Protein chains: 2
Amino acid sequence: MPSPTYQRIADDLRRAIVDGELPPGSKLPSRHELARQYEVSDRVAVEAVRLLVAEGFVEAKSGSGSYVRHRPEMQRLTRSWYTHRNGGSPFRAAMAAAGRPGTWESSTERAPMTPPIAARLAARPGDPAMRTWYTFLADNEPVMLSQSWEPLYLTEGTPVMLPEEGPHAGCGVVGRMAVIGQQITHAEEAVSARPALAAEAGRLKIRPGGLVLTIARTYHTDQRPVETADITIPVERYSLVYEIPVQ
Amino acid sequence: MPSPTYQRIADDLRRAIVDGELPPGSKLPSRHELARQYEVSDRVAVEAVRLLVAEGFVEAKSGSGSYVRHRPEMQRLTRSWYTHRNGGSPFRAAMAAAGRPGTWESSTERAPMTPPIAARLAARPGDPAMRTWYTFLADNEPVMLSQSWEPLYLTEGTPVMLPEEGPHAGCGVVGRMAVIGQQITHAEEAVSARPALAAEAGRLKIRPGGLVLTIARTYHTDQRPVETADITIPVERYSLVYEIPVQ
DNA sequence: TCGAATTTGTGCGTATGTATC
DNA sequence: GGATACATACGCACAAATTCG
């Protein structure tokens with residue numbers, strides 16, 4: 001079973017891009033030209049180029065042409081062991097390290113735990129929790145989305161029930177939990193990736209279907225998980241850097 | 001500027017899938033049906049479904065229908081602080097933790113450093129290095145690809161010059177470097193994601209264009225970087241778990 | 001400044017092959 | 001074998017953006 005023609009064309013172009021024959025910024029043959037070279041209909045050439053666009057190798061400009069994408073300047077989002085030492089939130093620390101001012105917007109509400117969240121918090125589906133949505137910004141550009149869950153049986157009636165209000169706002173989960181006697185000992189971050197949903201793409205200002213890294217983060221004390229969050233980062237602009245001490 | 005019709009249809013279906021209205025395994029309306037519902041040509045319905053297939057939400061079976069993909073059982077690949085304590089390689093430790101026997105194949109050769117590799121090793125492009133390709137297997141299934149670079153000015157003429165031969169084969173970089181007096185103090189892992197290249201898809205046995213997580217790992221001593229590797233993991237089957245001690 | 005040519009994005013209708021039921 | 005459904009391909013049309021004389 002031979003590969004379909006449009007895939008063969010895409011493969012040729014992709015290889016040329018990876019090998020550097022078509023350097024970043026250079027212009028691809030127009031679809032008319034491709035159709036002529038490969039002796040196919042122009043629709044087939046369209047499909048081939050569309051595939052490369054979807055894969056992120058190529059950027060197409062209406063009326064101008066299709067161009068090999070520049071490797072974006074990727075900012076590093078450091079998620080280090082060390083950044084947890086100084087009391088602030090991990091995001092603030094990472095942005096400070098990069099010399100960019102980090103800010104965020106948030107909104108909090110009560111919500112029952114969904115089944116996957118309950119599993120991560122060692123609770124039962126439907127148990128009451130505080131859910132907080134975050135949009136993290138650097139230079140007024142969206143960097144990261146997060147949806148954080150804290151079980152209410154820990155925080156209800158305490159000064160830290162609302163993560164972003166009161167005397168401990170903006171301190172990060174570790175600091176706030178310490179106030180109510182929960183000593184967080186370690187975090188677990190499960191990293192994966194998928195295409196962005198339409199709503200996420202809008203909030204992160206990336207194209208729909210653009211790739212995002214997802215982190216399922218859970219903070220634990222010796223006893224139990226105390227907070228979990230789903231974090232979403234556009235892979236086009238940021239790479240996630242873990243620093244791991246050895247020995 | 002309204003979204004094109006095929007994107008609107010794809011968005012509707014995608015949302016239904018994520019929200020659980022269309023659970024894994026359920027059948028999508030046929031494209032004939034979709035075309036009728038949205039009052040468009042069947043070609044537009046084809047584009048919409050094709051988009052979801054490319055994004056990995058849907059699997060299309062010729063002659064049968066298009067189905068919501070099952071979320072595969074994702075194995076956890078733990079890349080923890082702790083796994084570096086016991087001398088073995090991180091991969092072997094992670095597989096042992098998961099109760100699966102980990103094996104690998106490798107081949108090593110001299111090669112001059114490429115510019116990006118040289119930058120990561122604080123060397124000059126073209127400097128001599130040993131390059132080792134790895135294919136990591138669990139239950140005879142490919143799990144992870146890696147391409148590792150070690151500067152020859154450190155290892156040439158020592159018993160550890162060849163990573164997978166001699167008395168220290170299979171000990172992992174940390175152990176081997178210790179033999180020649182290089183005390184590795186920390187690792188840095190930069191995580192990103194992209195579609196698999198055709199060759200990678202073949203070696204990992206995933207569909208072409210399937211997503212892979214990439215890790216650019218560099219081991220450092222107090223003085224200098226001593227090894228760096230490009231690691232590739234299919235995101236469909238594995239999620240990357242970092243355990244981070246806090247305080 | 002204007003207009004023609006080029007290029008991409010989207011959409012329609014049709015046709016053929018093949019896999020599944 | 002027939003009906004259904006998906007995969008690919010052809011050819012055409014028009015809108016919008018861009019380029020350039």
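No experiment lies behind these values; they were computed from the predicted model shown. Naming convention: chains lettered A, B, ... in sequence-line order (proteins, then strands); numbering from 1 in each chain. Computed from heavy atoms alone, side chains included, the values below leave out hydrogens, waters and symmetry copies.
Going from atom CD of B/E47 over to atom C1' of C/dG9 covers 11 Å, rounded to whole Å. Rounded to whole angstrom, the span from the CG atom of B/L28 across to the P atom of D/dC6 amounts to 9 Å. What separates NZ of A/K27 from C1' of D/dA17 is a distance of 13 Å, to the nearest Å. At whole-Å resolution of the value, NE2 in A/H32 and C1' in D/dT18 are 18 Å apart. Atom CZ in B/R50 sits roughly 11 Å away from atom C1' in D/dC6 (whole-Å rounding). Distance, A/R8 CZ to D/dA9 P: 10 Å, rounded to whole Å. The interatomic distance linking B/R36 (CZ) with D/dA5 (P) rounds to 12 Å, in whole Å. In this structure, the CG atom of A/L34 is 14 Å from the P atom of D/dA9, given to the nearest Å.
The pair B/E33-B/R36 meets the salt-bridge criterion, since a charged nitrogen lies less than 4.0 angstrom from a carboxylate oxygen.
For A/T228 (side chain) and A/R217 (main-chain N/O), a donor-acceptor pair under 3.5 Å exists by modelled atom type.
A/R50 forms a cation-pi arrangement with B/Y6, by the criterion of a distance under 6.0 Å to the ring centre and an angle within 45° of the ring axis.
Listed by chain and residue number, A/I17, A/L22, A/S26, A/L28 satisfy the side chain to side chain contact (heavy atoms under 4.5 Å, CB included) test with A/V68 (two or more places apart in sequence, or in another chain).
Using cut-offs of 30° and 60° on the angle between ring planes, the pair A/W104 and A/Y134 is perpendicular.
At a threshold of 4.5 Å between non-hydrogen side-chain atoms, the residues A/Q7 and A/E47 do not count as touching.
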- line: With B for base contact, S for sugar-phosphate-only contact and - for none (protein heavy atoms under 4.0 Å), nucleotides 14-21 of chain C reads B----BB-
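Applying the salt bridge (charged side-chain N to carboxylate O under 4.0 Å, His left out) test to residues at least two apart or on different chains, the pairs with a partner in residues 112-123 of chain B are B/R120-B/D230.
At least one side-chain nitrogen or oxygen of B/T5 sits closer than 4.0 Å to the OP1 or OP2 atom of C/dG11. Residue B/Y6 has a polar side-chain atom (N or O) positioned under 4.0 Å from OP1 or OP2 of C/dT10.
Residue-level contact check: A/V40 touches the backbone only, with heavy atoms under 4.0 Å from sugar-phosphate atoms and none from bases.
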